[in-house]
Amino acid sequence: MVELKERIDMERLPNHVAIIMDGNGRWAKSQNQPRVFGHRNGVKSVREVSEAAAELGIKFLTLYAFSTENWNRPRFEVNALMSLLVETIRKEVSTLMDNNIKLQAIGDLSKLPNQTLEALREGLEITAGNDRMTLTLALNYSARWEIMEAAKKIHWDATKGLDTEKLTEEIFQQYLTTAEIPDPELLIRTSGEQRISNFLLWQIAYTELYFTETFWPEFRKSHLYEAILDYQQRERRFGKISEQSA
Ligand code: IPE
Ligand code: IPE
Ligand code: MG
């Protein structure tokens with residue numbers, strides 16, 4: 001593991017890593033346990049990966065924790081996830097403080113249960129002054145919702161005098177929930193699924209995608225190092241040819 005970490009080129013670290021944390025349920029099943037057992041064990045991975053990212057010097061880590069579509073799961077599982085969020089945020093605030101990590105959240109937070117929202121607000125407030133890394137939780141997040149909201153706000157601002165003819169990608173970006181966060185260079189999805197599931201659609205236009213078979217509850221620091229090493233092997237051309245990118 002130490003070896004893997006040492007192979008990482010610190011000059012070419014991604015500034016922002018986003019992760020679709022998937023496979024909790026299937027991992028639990030493989031252990032003959034209920035799905036919620038998988039979610040509980042996923043918390044350890046969140047802690048490990050947050051620490052690893054901060055230690056490396058990654059500035060932004062964004063974790064997909066609950067999608068808008070996830071409300072359609074059995075009520076019992078949704079409730080368990082919401083309680084787990086409360087418990088985890090409360091318990092992990094000290095880890096965030098120890099590591100100088102600022103907590104942020106994106107998504108339609110207004111639809112979260114009161115208790116979850118309260119714990120979240122506390123976490124955001126306590127860690128607001130931290131500046132080593134920003135850990136953003138995507139909660140009740142949907143990229144299409146986010147883009148629709150941006151369109152609505154722009155429409156509203158247009159009635160107040162915004163000149164939509166002068167709208168640029170940079171200005172549009174300011175209307176997204178990620179306005180303060182640069183686009184991710186690297187997006188990781190665990191558990192073997194190769195899809196985006198309504199995550200950061202606008203922001204990942206040029207992101208490098210990394211898929212791994214590892215289930216989220218088994219994801220450790222070494223897995224993050226492997227993903228970064230893979231990313232560092234790639235040539236990001238942004239539409240140009242190799243000779244221009246060099
Ligand atoms: C990811 O694991 C956690 C959430 C979506 C909240 P899953 O619960 O989706 O696990 P699988 O995909 O069913 O194995
Ligand atoms: C995506 O995982 C959402 C999160 C990781 C929070 P899902 O497990 O919900 O995705 P699908 O439904 O398999 O695409
Ligand atoms: Mg899943």
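Just so you know, these numbers come straight off a predicted model, no measurement behind them. Both counts, for ligands and for their atoms, begin at 1 and track the order of listing.
For Lys221 and Glu48, the salt-bridge test fails: no basic side-chain N is under 4.0 Å from an acidic carboxylate O. With salt bridges taken as basic N to acidic carboxylate O contacts below 4.0 Å, none links Arg121 and Glu118. Between Arg26 and Glu193 there is a salt bridge, since at least one side-chain N of the basic residue sits less than 4.0 Å from a carboxylate O of the acidic one.
In terms of protein heavy atoms, atom 2 (O) of ligand 1 is closest to Asn24 N, 3.2 Å. Scanning the protein for heavy atoms near atom 13 (O) of ligand 2, the closest one is Arg195 NH2, 2.7 Å.
Contact annotation: for Met21 versus ligand 1, heavy atoms closer than 4.0 Å belong to the backbone alone. When non-hydrogen atoms are compared, ligand 2 lies under 4.0 Å from the side chain of Arg189 (C-beta onward) but not from its backbone. The proximity of Phe199 to ligand 2, defined as any non-hydrogen pair under 4.0 Å, does not occur for either the backbone or the side chain.
The nearest protein heavy atom to atom 9 (O) of ligand 2 is closer than 4.0 Å.
One hydrophobic cluster, built from ILVMFWY side chains closer than 4.5 Å, cannot hold both Leu84 and Val36; they sit in different ones.
Against a heavy-atom cut-off of under 4.0 Å, Ala65 is close to the following atoms of ligand 1: 6 (C). Those atoms of ligand 1 with a heavy atom of Arg26 less than 4.0 angstrom away are 11 (P), 12 (O), 14 (O). For ligand 1 and His39, the ligand atoms under 4.0 Å from any heavy atom of the residue are 3 (C), 8 (O).
Within the cation-pi definition used here (under 6.0 Å to the ring centroid, within 45° of the axis), Lys160 qualifies as a partner of Trp156.
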Working note: Glu87 + Arg40, criterion salt bridge (charged side-chain N to carboxylate O under 4.0 Å, His left out); need CA distance, chi angles, decisive distance, verdict. CA-CA 10 Å; Glu87 189 186 315; Arg40 292 203 151 269; 3.0 Å; yes
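When ring centroids are compared, Phe238 and Tyr206 come within the 6.0 Å threshold.
At a threshold of 2.8 Å, the Mg ion (ligand 3) has a backbone or side-chain N, O or S atom of Asp22 nearer than that distance.
Not a single N or O atom of Ser67, backbone or side chain, sits closer than 3.5 Å to an N or O atom of ligand 2.
Residue Arg144 places its CZ atom among 12 or fewer non-hydrogen atoms of other residues, nucleotides or ligands, all under 6.0 Å distant.
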